[in-house]
Amino acid sequence: MSEADRVRAHVHVSGNVQGVGYRANTEETATRRGVSGWVRNLPTGRVEAVFEGDPRAVESMIGWCHTGSPHATVDSVDVAYEQPQNVDGFDVRWSG
């Protein structure tokens, strides 16, 4: 996939999203859908993620974030689109 065919979304998820498996479920779901990027907890209690890849797959990840892991309670999902950086693979980051 060329960079022209890729999109990048920077997402902040608010609610009860830490300590409920949100990051692990995000990594698993993104990997299954072929989306690259990363996810991490923030000190504010939110989860931050970047999704990059096929536009439909990225949009599906944004939609998934509204529910997230089975034990999460999502209050809001804020999305900002950025220039793709040709990221490959998906990682859980442990510091925020």
Side-chain angles (χ1 to χ4, degrees):
M1 171 183 299
S2 74
E3 188 173 324
D5 298 330
R6 294 171 70 90
V7 297
R8 179 181 176 97
H10 194 152
V11 179
H12 288 89
V13 184
S14 300
N16 181 27
V17 293
Q18 291 191 9
V20 293
Y22 199 96
R23 288 177 300 171
N25 279 274
T26 302
E27 177 185 32
E28 179 182 308
T29 304
T31 300
R32 213 172 40 244
R33 294 180 183 184
V35 174
S36 295
W38 51 267
V39 62
R40 69 179 173 182
N41 285 344
L42 294 174
T44 60
R46 297 189 304 167
V47 168
E48 177 183 29
V50 166
F51 304 122
E52 187 171 318
D54 174 79
R56 282 189 230 169
V58 169
E59 289 302 319
S60 77
M61 283 305 302
I62 294 168
W64 179 89
C65 285
H66 288 273
T67 303
S69 65
H71 300 291
T73 303
V74 176
D75 293 334
S76 67
V77 178
D78 299 317
V79 182
Y81 291 92
E82 302 173 344
Q83 193 68 24
Q85 296 180 9
N86 215 18
V87 177
D88 189 29
F90 199 91
D91 300 313
V92 173
R93 295 187 176 177
W94 299 101
S95 62

Legend entry - For Arg33, all residues meeting side-chain hydrogen bond (donor to acceptor under 3.5 Å, both in side chains), sequence neighbours excluded: Ser60
Legend entry - Summary of side chain to side chain donor-acceptor pair (under 3.5 Å) pairs that have at least one residue in residues 61-73, sequence neighbours excluded: none
Inset, instruction - Please name the pair of heavy atoms, one in Tyr81 and one in Ala9, separated by the smallest distance, quoted to 0.1 Å. - result: CE2-CB, 4.0 Å
Legend entry - Heavy-atom pair with the smallest gap, counting every atom of Phe90 and Val50: CE1-O, 3.7 Å
Legend entry - Contact check, side chains of Arg8 and Val87, non-hydrogen atoms, under 4.5 Å: yes
Inset, instruction - Under the side-chain hydrogen bond (donor to acceptor under 3.5 Å, both in side chains) rule, collect the residues that match up with His10, sequence neighbours excluded. - result: Glu48, Glu82
Inset, instruction - Show your reasoning for whether side-chain contact (heavy atoms from CB on, under 4.5 Å) applies to Thr26 and Met61. - result: CA-CA 8 Å; Thr26 302; Met61 283 305 302; 4.2 Å; yes
Inset, instruction - Could I get the full list of side-chain contact (heavy atoms from CB on, under 4.5 Å) partners for Ala57, not counting sequence neighbours? - result: Val35, Asp54
Inset, instruction - Could you tell me whether a side-chain N or O of Glu52 sits under 3.5 Å from a main-chain N or O of Asn86, the two making a donor and an acceptor? - result: yes
Inset, instruction - May I ask whether Trp38 and Ile62 are part of the same hydrophobic cluster, defined by side-chain heavy atoms of I, L, V, M, F, W, Y residues being less than 4.5 angstrom apart, directly or through others? - result: no
Legend entry - salt bridge (Lys or Arg N to Asp or Glu O under 4.0 Å) contacts touching residues 19-32 (sequence neighbours left out): Glu28-Arg32
Legend entry - Nearest heavy-atom neighbours spanning Tyr22 and Val17: CB-O, 3.2 Å
Legend entry - Donor-acceptor pair, side chain of Gln18 and main chain of Thr44, under 3.5 angstrom: no
Inset, instruction - Give, for atom CZ of Arg46 and atom CG of Asp75, the distance between the pair rounded to the nearest 0.5 Å. - result: 12.0 Å
Legend entry - Residues which pass side-chain hydrogen bond (donor to acceptor under 3.5 Å, both in side chains) with Arg56, listed by chain and number, not counting sequence neighbours: none
Legend entry - Exercise: identify the closest heavy-atom pair between Val11 and Cys65: CG1-SG, 4.3 Å
